[in-house]
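Single-structure report; data block below.
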Protein chains: 2
Amino acid sequence: MRMSDGVEWAAHCCVLLAVVPPEHALPAARLAEYHGVPAAYLAKHMQALARAGIVETTKGPRGGYRLARPAEEITMLDVVEAIDGTEPAFRCSEIRRRGPAALPAREYRAKCAIHAAMNRADDAWRLELRNTTIADLLRQVHRSASPKGLVKAANWLQEVTA
Amino acid sequence: MRMSDGVEWAAHCCVLLAVVPPEHALPAARLAEYHGVPAAYLAKHMQALARAGIVETTKGPRGGYRLARPAEEITMLDVVEAIDGTEPAFRCSEIRRRGPAALPAREYRAKCAIHAAMNRADDAWRLELRNTTIADLLRQVHRSASPKGLVKAANWLQEVTA
DNA sequence: GTCCCTATACTCGGATAGCAAGTGTCCGAGTATAGGCGG
DNA sequence: CCGCCTATACTCGGACACTTGCTATCCGAGTATAGGGAC
């Protein structure tokens, strides 16, 4: 069970966009440059964020991406679901209804126990992701990152938004 | 992010094996027959369960699989990890260390915030799976399944273990 | 000097190849059993 | 009749094709800007 690498990229991009002044936008090429990832592929994932309403876009010169709402209101779950889809990892194929002990469909009123257990775990996972916002991540980075790194990042931002 | 279908199959097989008398064993072909799935492919997953020490095998006639320990001591997480692997779905590639704002490795003492958030969610997921045992599932099935189905399953079992 | 127009360059967006991992299958190694043979 | 031996058939186990979905890339559609020209 592997999560798409795009989730990591998208999350980092959201954190970076959260520190960009709202009147400015960052194009996909700059986001890719900052994170050292392929620009064309990152663009694909940014599209997914745009479709999900997490970021909004401006075309043309001085255009690019910006957060569509305050970082406090963007959860980790929003980002994960935008990139990876909203479907649970586990898909019950109802194999209990097959084979020699199968019964007519109406006899299966109760949910499959295994399916239910998987759903509980999935819910716990989603709850945890929902409890972390982009703003939380940003605070954490501000608190724990090396001062040198913050300065370097700020300088780079000022250069590209100039 | 898709989980292998084998997890569902393996879980159902464990539940079924939990009701087989300990002195009997069920070959992969019978397990596949009961669940209506391809025998050859199910065998592959049963091998994984055997490697993980969840089931033990007996070769030759009257051989097959049986649980290696009481159903109370086999968790859903055991089964999932046996089939799907123990690695977390999210893999941090440390892209924060790349690009124009990168620093020497020693500057990154704190864990990546995004990585940490993903790990928390992953831990919550695993905790929930660890809290459900095969015995729990079996009890749930006994309680909620249609009586007809239980009888039908019991008859089938008696036939193949005869 | 001011306004308008046009050409430009830059942006996103979706459609298109490539590849890795999961899916599905098969045949060979090993063993408990059942039957036959000898005592 | 009893015990041993052999052949058998049944089991798991790992090695081999195939398909789906993620990875990676490119080119076309649309737009804000900048520059030039007319007034």
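Everything quoted here is computed from the prediction, not taken from an experiment.
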**Request:** Show the numbers, then the answer: is there a salt bridge (Lys or Arg N to Asp or Glu O under 4.0 Å) between A:D123 and A:R120?
**Result:** CA-CA 5 Å; A:D123 289 343; A:R120 279 197 304 275; over 6 Å; no
**Message:** Working note: B:T75 + B:L129, criterion side chain to side chain contact (heavy atoms under 4.5 Å, CB included); need CA distance, chi angles, decisive distance, verdict.
**Reply:** CA-CA 7 Å; B:T75 71; B:L129 289 180; over 6 Å; no
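In the hydrophobic clustering, B:L103 connects to B:Y108, either directly or through intervening members, whenever side-chain heavy atoms lie under 4.5 Å apart.
By the neighbour-count criterion of 12 heavy atoms within 6.0 Å, atom CD of B:Q158 is sparsely surrounded, having that number or fewer from other residues, nucleotides or ligands. For B:E73, the CD atom counts as densely surrounded, since its 6.0 Å shell holds more than 12 non-hydrogen atoms of other residues, nucleotides or ligands.
Residue whose closest nucleotide on DNA chain D sits further toward the 5' end, between A:M3 and A:T58: A:M3. Nearest-nucleotide positions on DNA chain C place A:G64 closer to the 5' end than the other of A:G64 and B:K59. Comparing A:R2 and A:M46 by the nucleotide of DNA chain C whose heavy atom lies nearest to each, the residue mapping closer to the 5' end is A:M46.
No side-chain heavy atom of B:M3 sits less than 4.5 Å from a side-chain heavy atom of A:R91.
When DNA chain D is scanned 5' to 3' for any atom under 4.0 Å from a heavy atom of chain A, the first and last hits are D:dT23 to D:dA32.
Residues from residues 14-44 of chain B lying near DNA chain C, meaning a heavy-atom separation below 4.0 Å, are B:P38, B:A40, B:Y41, B:K44 in numerical order.
The aromatic rings of B:H115 and B:F90 sit tilted relative to each other, their planes meeting at an angle between 30° and 60°.
For A:E56 and A:R69, the salt-bridge test fails: no basic side-chain N is under 4.0 Å from an acidic carboxylate O.
Between B:D5 atom CG and C:dA21 atom P the separation is 18 Å, expressed in whole Å. Put simply, CG on B:D84 is 7 Å from P on C:dG22, counting in whole angstrom units. Rounded to whole angstrom, the span from the CD atom of B:Q47 across to the C1' atom of C:dC26 amounts to 12 Å.
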